[in-house]
Amino acid sequence: MQDSEYSKHRSRFREAMRERELDGLLVTSLSDVRYLCGFSGSSGLVLLLPRSGWFLTDFRYREQSREEVAGLRTLICEEDFGKGLREILTRSRGGTAPGSARTRDRDVAGCAAGGTSPGAAGSASPRPLRIGYDPRSLTCAELALYRRRLRGLASLVPLKADMQSVRARKSPAEVRAMKKGIRVAEAAFREALRGLGERPTERELALELDFAARRRGAEAAAFETIVAGGARGALVHARPSGSKLTGAVVVDWGVVFEGYCTDCTRTVALGRVPAEIRKVHRLVLEAQERALERIRPGVRAREVDRVAREVLEKAGYGKAFGHGLGHGVGLEVHEMPHLSPRSRDVLEEGMVFTVEPGVYLPGVGGVRVEDMVLVTSSRAEVLTSLPRSLDPSEY
């Protein structure tokens with residue numbers, strides 16, 4: 001990502017900050033941190049203020065942050081992050097930056113002030129700053145520490161909703177990254193199918209798929225790859241076993257590429273497939289097509305779920321489709337929007353999500369077909385390009 005892209009992301013967070021009448025945001029979700037500055041490590045947080053921002057990490061990520069963090073000042077904390085936060089806020093109110101910090105701030109003028117600026121002159125005892133935080137990504141122990149460290153200086157305010165809603169609308173740069181990841185995932189799937197030996201197991205196919213993706217540049221698997229053949233296909237989130245592949249095989253896999261996730265499922269015949277499974281496969285494809293036709297900006301997510309679900313219900317398989325139709329994909333493999341009967345989300349241009357109807361028949365097997373789609377100004381653009389056939393030779 002270009003530095004300018006991260007600056008746009010921070011502007012969107014600051015807009016949400018102003019709407020909530022906050023003086024700052026304490027961002028602890030690592031996905032949100034990466035969204036704001038590009039850091040891909042496992043320990044760090046962002047303090048976003050109206051006119052500036054800070055990235056805090058520890059000694060282990062000194063060099064990595066130097067390479068990755070864009071547009072924020074960096075503070076390497078020798079003790080806990082709470083102490084670092086207090087140092088930043090105390091000195092910001094006094095108009096000076098923490099002396100122990102390495103300054104690299106290309107974002108100082110990135111936003112008009114909202115609320116009370118930490119650097120503004122005020123009374124001898126200015127009111128505590130209102131700093132928002134996501135309670136879903138902060139432990140009770142961390143919250144207690146930060147509140148203790150910031151006592152009298154800042155009040156930590158829990159957000160009623162996390163920042164996934166801000167990240168739900170993907171920029172062209174984000175979509176390009178996901179498209180690259182999808183191409184990697186699809187090529188890996190074709191390679192893994194071609195490389196199957198004599199009577200391979202579920203676990204062997206999963207490993208071949210993961211290895212092929214890494215060889216092609218994937219950072220990691222987006223989640224544990226699912227491979228389930230025959231009757232085991234009825235297990236929605238089956239872990240690959242040592243069972244030999246047989247019958248209709250459900251393969252659900254994804255990769256992380258340039259920080260962004262992909263998610264795709266195909267059901268392929270690697271042996272004799274019961275007639276009912278072939279029938280169900282046709283119904284699942286019809287349900288998916290109906291859903292794709294309904295997608296456009298302004299449509300409720302539960303309405304898209306409903307039109308797909310009706311196809312399976314009318315055929316007598318409604319109870320065999322027990323999960324939601326899809327979910328958003330981005331820096332996390334499960335994001336907004338959520339497509340389910342209970343969803344309150346409304347589709348917007350720029351959203352990327354899965355459409356994955358499935359039918360699961362205990363003792364018989366299962367079928368799921370999943371594609372990633374982008375909401376354009378008027379329709380759904382299917383980002384996945386693999387065939388949806390049961391015949392493995394078509395891949």
Side-chain angles (χ1 to χ4, degrees), residues 1-14 24-49 51-85 87-88 91-92 97-111 134 137 142 163 166-167 170-181 183-185 213-222 254-262 329-333 335:
M1 293 286 177
Q2 298 292 324
D3 289 3
S4 59
E5 184 73 13
Y6 294 117
S7 181
K8 292 175 184 176
H9 294 175
R10 291 191 293 274
S11 293
R12 295 177 71 177
F13 267 51
R14 286 193 173 102
L25 281 174
L26 176 61
V27 181
T28 53
S29 160
L30 288 173
S31 295
D32 287 343
V33 168
R34 186 160 188 172
Y35 183 78
L36 294 176
C37 68
F39 177 71
S40 66
S42 63
S43 178
L45 57 81
V46 167
L47 177 63
L48 201 62
L49 300 171
R51 292 185 177 275
S52 64
W54 289 84
F55 171 71
L56 287 73
T57 189
D58 59 58
F59 170 82
R60 296 171 297 169
Y61 291 105
R62 181 189 298 274
E63 294 307 310
Q64 184 173 332
S65 64
R66 193 186 302 275
E67 294 176 358
E68 292 183 341
V69 174
L72 297 179
R73 299 172 180 176
T74 297
L75 179 65
I76 305 300
C77 298
E78 297 179 359
E79 297 184 38
D80 59 80
F81 289 163
K83 186 174 182 181
L85 290 169
E87 181 182 358
I88 290 169
R91 300 203 180 193
S92 293
S100 58
R102 171 178 52 82
T103 300
R104 183 184 58 179
D105 189 1
R106 293 186 292 274
D107 193 47
V108 172
C111 177
D134 178 4
S137 63
E142 289 168 335
M163 303 303 284
V166 177
R167 292 182 7 224
K170 304 301 188 288
S171 70
E174 291 177 287
V175 173
R176 285 193 295 271
M178 282 189 278
K179 284 182 175 180
K180 292 177 185 177
R183 300 290 88 82
V184 167
R214 292 299 293 265
R215 283 194 294 267
R216 292 174 179 274
E219 296 173 24
V255 305
V256 180
F257 189 84
E258 295 181 0
Y260 285 82
C261 298
T262 74
V329 182
L331 287 167
E332 297 176 273
V333 77
E335 298 187 346

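For the atom pair CD of Glu332 and OH of Tyr35, the computed distance is 12.5 Å after rounding to the nearest 0.5 Å. Atoms OG1 and NZ, from Thr262 and Lys179 in turn, are 14.5 Å apart once rounded to the nearest 0.5 Å. Note that the CD atom of Glu142 and the CZ atom of Phe81 stand 9.0 Å from one another [nearest 0.5 Å]. A distance of 5.0 Å separates CG of Leu56 from CG of Leu75, quoted to the nearest 0.5 Å. One finds the NE2 atom of His9 at 4.5 Å from the OG atom of Ser171 (value rounded to the nearest 0.5 Å). Taken to the nearest 0.5 Å, the CG atom of Leu72 stands 10.0 Å off from the CG atom of Leu49.
Residues passing the side chain to side chain donor-acceptor pair (under 3.5 Å) test with Glu335 are Arg167, Lys170, sequence neighbours excluded. Looking at residues two or more places apart in sequence or on another chain, you find a salt bridge (charged side-chain N to carboxylate O under 4.0 Å, His left out) between Arg216 and Glu191. Scored by the side chain to side chain donor-acceptor pair (under 3.5 Å) test, Asp134 finds no partners at all (sequence neighbours excluded). For Glu174, the salt bridge (charged side-chain N to carboxylate O under 4.0 Å, His left out) test picks out no residue, with sequence neighbours left out. Remark: Tyr61 pairs with Ser42 by the side chain to side chain donor-acceptor pair (under 3.5 Å) rule, at least two apart or across chains. The side chain to side chain donor-acceptor pair (under 3.5 Å) test applied to Ser137 returns Thr28, not counting sequence neighbours.
Listed here is the closest heavy atom pair of Val256 and Cys261: CG2-SG, 4.2 Å. Between Val184 and Ala213, the shortest heavy-atom contact is CG1-O, 3.9 Å. When every heavy atom of Arg34 is checked against every heavy atom of Ser40, the shortest pair comes out as NH1-CB, 3.4 Å. The shortest non-hydrogen separation linking Thr74 to Ser65 is CG2-OG, 4.0 Å. Scanning both residues, Val255 and Ala218, for their nearest heavy atoms gives CB-CB, 3.8 Å. In terms of heavy atoms, Cys37 sits closest to Val46 at SG-CG2, 4.3 Å.
Side chain of Ser43 to main chain of Thr57: no donor-acceptor pair is present (N/O by atom type, distance under 3.5 Å, no hydrogens or angles). In this structure, the side chain of Ser52 does not engage the main chain of Leu48 through any donor-acceptor pair within 3.5 Å. With hydrogens and angles ignored, the 3.5 Å screen pairs no side-chain donor or acceptor of Glu258 with any backbone N or O of Met1.
Put simply, the side chain of Glu219 does not reach to within 4.5 Å of the side chain of Phe257, judged on heavy atoms. Between Phe13 and Val166 there is a side-chain heavy-atom pair separated by less than 4.5 Å. The closest side-chain heavy-atom distance from Lys180 to Tyr260 is not below 4.5 Å.
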Checking Leu45 against Leu85 for the side-chain contact (heavy atoms from CB on, under 4.5 Å) test, could you report, in this order, the C-alpha distance in whole Å, the side-chain angles of both residues, the deciding distance, and whether it holds? CA-CA 10 Å; Leu45 57 81; Leu85 290 169; 4.0 Å; yes

